[in-house]
Protein chains: 8
Amino acid sequence: MNKDELRNMLEAVARGEVSPDEALTKIKLQPYEDLGFAKIDTQRGIRQGAGEVIYGEGKTAEQLIKITEHILSENEKSVLITRLSEEKAEALSKSVKLFYDKVSKIGIAGERTEKKDEGNIVIATGGTSDIPVAEEAALTAEYYGNRVTRLYDVGVSGIHRLMDNAGILADARVVIAVAGMEGALASVVGGMVDCPVIAVPTSVGYGANFKGLSALLSMLNSCASGVSVVNIDNGFGAGFIANRINKMKG
Amino acid sequence: MNKDELRNMLEAVARGEVSPDEALTKIKLQPYEDLGFAKIDTQRGIRQGAGEVIYGEGKTAEQLIKITEHILSENEKSVLITRLSEEKAEALSKSVKLFYDKVSKIGIAGERTEKKDEGNIVIATGGTSDIPVAEEAALTAEYYGNRVTRLYDVGVSGIHRLMDNAGILADARVVIAVAGMEGALASVVGGMVDCPVIAVPTSVGYGANFKGLSALLSMLNSCASGVSVVNIDNGFGAGFIANRINKMKG
Amino acid sequence: MNKDELRNMLEAVARGEVSPDEALTKIKLQPYEDLGFAKIDTQRGIRQGAGEVIYGEGKTAEQLIKITEHILSENEKSVLITRLSEEKAEALSKSVKLFYDKVSKIGIAGERTEKKDEGNIVIATGGTSDIPVAEEAALTAEYYGNRVTRLYDVGVSGIHRLMDNAGILADARVVIAVAGMEGALASVVGGMVDCPVIAVPTSVGYGANFKGLSALLSMLNSCASGVSVVNIDNGFGAGFIANRINKMKG
Amino acid sequence: MNKDELRNMLEAVARGEVSPDEALTKIKLQPYEDLGFAKIDTQRGIRQGAGEVIYGEGKTAEQLIKITEHILSENEKSVLITRLSEEKAEALSKSVKLFYDKVSKIGIAGERTEKKDEGNIVIATGGTSDIPVAEEAALTAEYYGNRVTRLYDVGVSGIHRLMDNAGILADARVVIAVAGMEGALASVVGGMVDCPVIAVPTSVGYGANFKGLSALLSMLNSCASGVSVVNIDNGFGAGFIANRINKMKG
Amino acid sequence: MNKDELRNMLEAVARGEVSPDEALTKIKLQPYEDLGFAKIDTQRGIRQGAGEVIYGEGKTAEQLIKITEHILSENEKSVLITRLSEEKAEALSKSVKLFYDKVSKIGIAGERTEKKDEGNIVIATGGTSDIPVAEEAALTAEYYGNRVTRLYDVGVSGIHRLMDNAGILADARVVIAVAGMEGALASVVGGMVDCPVIAVPTSVGYGANFKGLSALLSMLNSCASGVSVVNIDNGFGAGFIANRINKMKG
Amino acid sequence: MNKDELRNMLEAVARGEVSPDEALTKIKLQPYEDLGFAKIDTQRGIRQGAGEVIYGEGKTAEQLIKITEHILSENEKSVLITRLSEEKAEALSKSVKLFYDKVSKIGIAGERTEKKDEGNIVIATGGTSDIPVAEEAALTAEYYGNRVTRLYDVGVSGIHRLMDNAGILADARVVIAVAGMEGALASVVGGMVDCPVIAVPTSVGYGANFKGLSALLSMLNSCASGVSVVNIDNGFGAGFIANRINKMKG
Amino acid sequence: MNKDELRNMLEAVARGEVSPDEALTKIKLQPYEDLGFAKIDTQRGIRQGAGEVIYGEGKTAEQLIKITEHILSENEKSVLITRLSEEKAEALSKSVKLFYDKVSKIGIAGERTEKKDEGNIVIATGGTSDIPVAEEAALTAEYYGNRVTRLYDVGVSGIHRLMDNAGILADARVVIAVAGMEGALASVVGGMVDCPVIAVPTSVGYGANFKGLSALLSMLNSCASGVSVVNIDNGFGAGFIANRINKMKG
Amino acid sequence: MNKDELRNMLEAVARGEVSPDEALTKIKLQPYEDLGFAKIDTQRGIRQGAGEVIYGEGKTAEQLIKITEHILSENEKSVLITRLSEEKAEALSKSVKLFYDKVSKIGIAGERTEKKDEGNIVIATGGTSDIPVAEEAALTAEYYGNRVTRLYDVGVSGIHRLMDNAGILADARVVIAVAGMEGALASVVGGMVDCPVIAVPTSVGYGANFKGLSALLSMLNSCASGVSVVNIDNGFGAGFIANRINKMKG
């Protein structure tokens, strides 16, 4: 609600066309449910086009159950839970219907969305060890109804593996490039496509990798121009952004 | 050219419908002009939807003139030059027609693109000192024919300045959030909109800012989900990506 | 005791009005009890307005028991112990009366202070995962007799949760802002209130969070002016400082 | 304005006791003046108890003049400008009445506040080279009407210089400890007083000082409990916070 | 296949001497087997002179078994597996013939290469704790048929141990210098020989060693000129490069 | 042996006064025993005034037993072993006579040196948690026959604890200052004494302590002039250097 | 000279077959000329296969002249000087015959070596701005008599520029990959060739490039196996090592 | 003055043997002169065995003149000034008698101490570029009356230069090892001598040297046991400590 709309509504209140209570509700605009330890954003779906997502790390099983149940009891068919350990998933599955993927640590409580196969998001990884992060991105994008094409183990040390799949890359509306070590995949992919590239550095590697720092810096300094970057191992964030871009109207 | 296309063409060669020379040209696929010190990517426009861009820093005035003249003599009406110092701009302007903006250090050689006013990219800054980076983004986006709305000095220490412009943010197809210091602007904006947000950390600040590191880490760790990040002070990159996203077909 | 007071006292000794032993006691000024492995500051209460506090990490259960018993046997009704693991708490509770809070790892040996409800310290967190640090601050502040208002899970990605509680913030004499990830909460809160803000970065997050570094740098670079910062996860320090400020006389 | 107040006002509008325009004004709450490149927060004095302050670095002389003139033309007798270079100060002094201090790079445009000598803020430095930062703090605190006691060059390598001034420290309501190198001053002072201590690391030093990092980390890890920290060289921030604390009512 | 060869082949296709299918196969040039989670580079031996190597870390036992079996079933007598934990080695040994070395965590599946005793690679370590990394290098070099001379525990704090073995160093075609802590071994060795030196920093040490950073920076800054560096603890990489150099024809 | 001495000896060989074998022995100068995985420096006692010391970390129990037995069988009454885990100590104690201290992880194999009470080394710690590192220093110094005075828990947050022991510090020939957190102890002690101060940063602390980095940088930047620094947690190194200094002849 | 050789020679001295003076000369083995401020290694050519090189930075023009003249007066036809500023080059050229290249800051005093065209070292750069570092490598390699092929501006954002030159890379005996920004060139080249690759990170870039750190970490973490790394901007080191490898006998 | 001495003196006051004023003077113990911007420690000579030293950086010429004149007017024949720029030296020389050395930036105001040639401090450097730091150490040590032997340009890349001077090292009572780049000199020297070694990392180098960080970490992690470290480029500190050690009585 911007200022002009607010003025209009206030004039309607003055004219008696809108009751103070109705106006209050509308001005309130951004409600949330308060569980004390958490404030659940119940209208995020309206405001941001995507419902509340639960970051599972650092929350107790009890907190996760309460938050999940509350959201499902309100107005959501399902809720996505990231970084959900197997133990917590098991505890949670006793209270709510839960889909759980061990590789990506993704849980989906409630009814799982059926793919609507909109557009095409290509997710490429440098190696096999990057797959857990890539799957976090893939399941997130699929949760929001996107079609996902997986292109795993196409790291630049064998550039032909990537070249040979140039056609798949060319068909993408968004590419998510997931790589650890030196993270060069993002730059090479960035130079091959004309769509947005989301780069996800992973903590795969050792030594001077410094838990993902090498890939992160590499991707931020990409010599290819269409590349933006999310946090180390943040597959969810990449999937979420790819969904937003893929759903854009022309 | 993917494998199927290659097979088709080779069969055409076998049938005598395509000469070996024609085939060779087509297989070559990725031509460039070689100036010795630079290899100009003359088909990037076809391949990536955006022509060659020149990064001005670290190139001599002589090199810039040669590269620019070559590109303009080939197949481009104009070429964008970033990080172009005033001295080099002056030297360059003697050889080619040049638009130059001192604030952003952007130069456009050749015919400047007239805005096509497609979509709407909103560029917000935390403060006045972030404007040079924001203008690099803005002029880049405008160069590619996008409509840009500037929303400067809306940093989170006076959150009402941002709230008051919620309407402008709501109209955006892409938001570019440019901020130094603690870079909190990206997270707050990220929570207010339902479109992709490109965050640009700037080196504005001092001390524990460590030349933009604080804003960079802040933006990479954004608690809002739709935010991806480019390099410190990389206004060009943000404008380039915003263009790609804004131009997407539904 | 400053130089003038010292001169006066020495003149009193010369006049025989004060005995050498009395003078010695007074000059000593800062006594402590020496347990060999620890030197307990028995007059900190007089000198600093707050009794000795025990930092539990890195001390053995045996050392903790000896120090605690000594303090309680001397002149303190209770003693606060921070970073007390459950194992050590259990060992300690066999020797002394102990209140223990698992979430914050805070222990209070002896008689727990009843709240005197002075002033009002508001403690806000960005998310649910920041609560352990926030509770360390809250229990510390309450231990010293302050009234604490908890405002948890009001991170900036849903700015309305914070805006909606602007009234609570306005009533604060001190605000403690506890946040991990990008730590933007401190800047936004800092711009909304006219009282001192103590920012506590937490190690909540992953990847480029670098164990709290992102929130720490963010808070140190806050664009809001009334914010000072304590160490990562240092809830105790924030509660201690908030107590000092809240107890100030006008 | 909280929700209850909003409801009351809206009911007053419904009853015709408050006009829509009046209501609009009140709901707006946080107005600012928009100069395009800057959005001046004209009601910060009301909201935060301290008027707009201008951070001089990264702004052109032209921008500084426009912002300063606008603020003075509105509702402020004076405005504080920090990090104002001598060149810009000279340019600015041609347009407005300006007090300028070369050591601290502080400028005060308009009528300089006369000291009200409220409370007592003690500012201590480790060495002579820390004085520019200390003076930024001191002039800021004095600008807001506080009494400031300067205690310079009392670094811990000659601990008697500090001990000898224990009486001055004991009289403080707030202490600002300014030190570079190892920044130990903050910890030692923190152990001597019972009032809040604001620590300001400075970039004074060389080598493994890493432009103030050593003092910053030192102060964040202070073993004394009442110490909070601001950014490296941020004298202004320390003075601003000290003012807030000093002005608290009992 | 370079451009001239491509032209020749295309002309052969045009002449009917080569069928389109044959041409397609040859143009493909860089084939690989796609296991979904891995793309095995089956012609690396032809292209790079050394077969596919498996990096064991971050791959599940199941993935390792599938990849190993696939490679052995194709065209390789053996395959080298690095960073293979004892658990995975045990699992793998149930499916394929496996040589396993606990110290270096090296596994060789299939037929182990017998040494061909070509040239001479000397591997020196600073201390006993560096041996696991040195053995990774040694076994890798031996796997590719090189003669390896081990020179362990010759760190610079007892420089005579190194001097006394100057003859062994003088006989080397390549030296691999493996050291943790301050990594000075690389510089001293670098000054004693006239052959290439590959430096391997190890994470041996503690404190300001920062997990190998001290040795890494030390080796990168070597004042001796013939030293190049691989990643921290990367014994495999050093052995691989030493093999390439040792096998060079005069 | 310098060049002149070498010439003299060679002339003596030429004159038949010294046999070639005698000359060889003397030129050899730096002998060691080679166990393959370790090269034991059997003449370090002659060359450096202190026998071989074994760094226990990263060596297997088997290696430790072999090295220890070899040294004891040669020419040493005892050998010092640092960073010896309890498990390895137990294994070792089955083969050789072993004194073991759990707090410092120091082991002494063979006959333990009786203190000769030479000079006086004072070891001060900031807190109780620094004691393990301090004891490593203390036992090392005592192993070499020095008198050690322990002054524990005298951190600067209660500066009187340090002041009150000024007499003990004044009696020292060398002071070892052991502290974590902000490491300010080194600077304050450095300003109080006229003897060399060895500063040992410890990893005690959390958050922005970064595993001892804060204390390390603090001590390197000490504003007191007589302070030199060893690695984080390197109690052994400090004890070893203190021994060298304490044993100096006037 | 190893121990056996020493024994033999000493026996020859005893037999009178070798005079003490002759023996002395041979034992001396590693002579140098002492200029006081510099000790010139006059036999490095014999010992290391390459004469003394002068690192020009941090030396005064006077020192450079003395060192150069001394070397040329002794036994060298020419001497290579790196990092030679234009000012110092001008000063030096007044005293000795000097070839100087402004781009690479390389100077060659005395007679410039004519290329012997041995082997083939390919030097590739990511961009035009990397050329100064590449030329330092190229001129160094040519100074030692190697044939050098320059392949500039073949960065991975336009991967076809690299692919198109696969033939040139295939002909190399050593490849030097010079790149700034994300440094991905090293990994891609590393996967394309079967010869050693020397990677040179450059400081080309800005922001999160951190003066070459991003390229450095990237190259150290290369997923391609044949890559070793030298210091940031160390073109000389790369050329020197490439020379050593190229000159190896089969 | 310790507690017992204080009791004795107070009893003497009570007996009238000591006047209150005399007692006051003695208790004061640590006097200083207060210039406002500096507090000069006039009894440091008594307390610490070495007079006040002035750190010239960050002080204005005016401040330096005032401090120097004050010290000379009181009780010092001369005063050492470090990091004194040529400009300030020139200004200072107009007010006081000044010896100034351009290389080390050392100034000595007043009467320069004549060498007393006590003991022997050897100062070794890795290269010619380290000489300014080494000279700062040398002149400091000489100022305090020590004999200094300079051993410059003996870096480990030509280890024979060091070996050849083993005799000079063997004669040292203290060695100061000054080196940049990888700083290996400290470890090698540390293994050759039986006296204390003070290591001074210098900022000589480039790239991954990170302004001295590589040498600093290298020296802190020295595998030789008798090495302690001072700040990067801190020649003064090393000379000061070496003086303290050299002057020790047996």
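Throughout, protein chains are lettered first and strands after them, A, B, ... in sequence-line order, and every chain is numbered starting at 1. Side chains included, hydrogens not; waters and symmetry mates left out as well; all remaining heavy atoms used.
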Quick check for you: among [options], which has the greatest number of heavy-atom pairs under 4.5 Å with chain D?
options                                : answer
F:Val188, F:Leu217, F:Asn221           : F:Asn221
F:Asn209, F:Leu185, F:Leu220           : F:Asn209
F:Val227, F:Leu216, F:Leu213, F:Val156 : F:Val156

Which of [options] touches chain F most, by non-hydrogen pairs under 4.5 Å:
options                      : answer
D:Met181, D:Met219, D:Glu182 : D:Glu182
D:Gly207, D:Ala208, D:Ser222 : D:Ala208
D:Ala179, D:Ala224, D:Ser214 : D:Ser214

| task | State plainly whether the residues D:Glu86 and D:Lys102 are in salt-bridge range, i.e. N to O under 4.0 Å. | result | yes
| Within the distance-only criterion (no hydrogens, no angle test), does the side chain of F:Asp171 pair as donor or acceptor with the backbone N or O of F:Ile168 below 3.5 angstrom? | no
| Do F:Asp130 side-chain atoms and F:Gly127 backbone N/O form a donor-acceptor pair below 3.5 Å? | yes
| Under 4.5 Å from any heavy atom of chain F - which part of D:Tyr206 | backbone
| said: Quick one, F:Val175 with F:Cys195, criterion side chain to side chain contact (heavy atoms under 4.5 Å, CB included). Give me CA distance, side-chain angles, the key distance, then yes/no. | reply: CA-CA 7 Å; F:Val175 178; F:Cys195 69; 3.8 Å; yes
| query | Hey, which of F:Asn243, F:Asn120, F:Thr140 is the one that makes side-chain hydrogen bond (donor to acceptor under 3.5 Å, both in side chains) with F:Asn146? | reply | F:Asn243
| note | For D:Ala238 and D:Ile176 the tightest heavy-atom approach is O-CD1, 3.6 Å
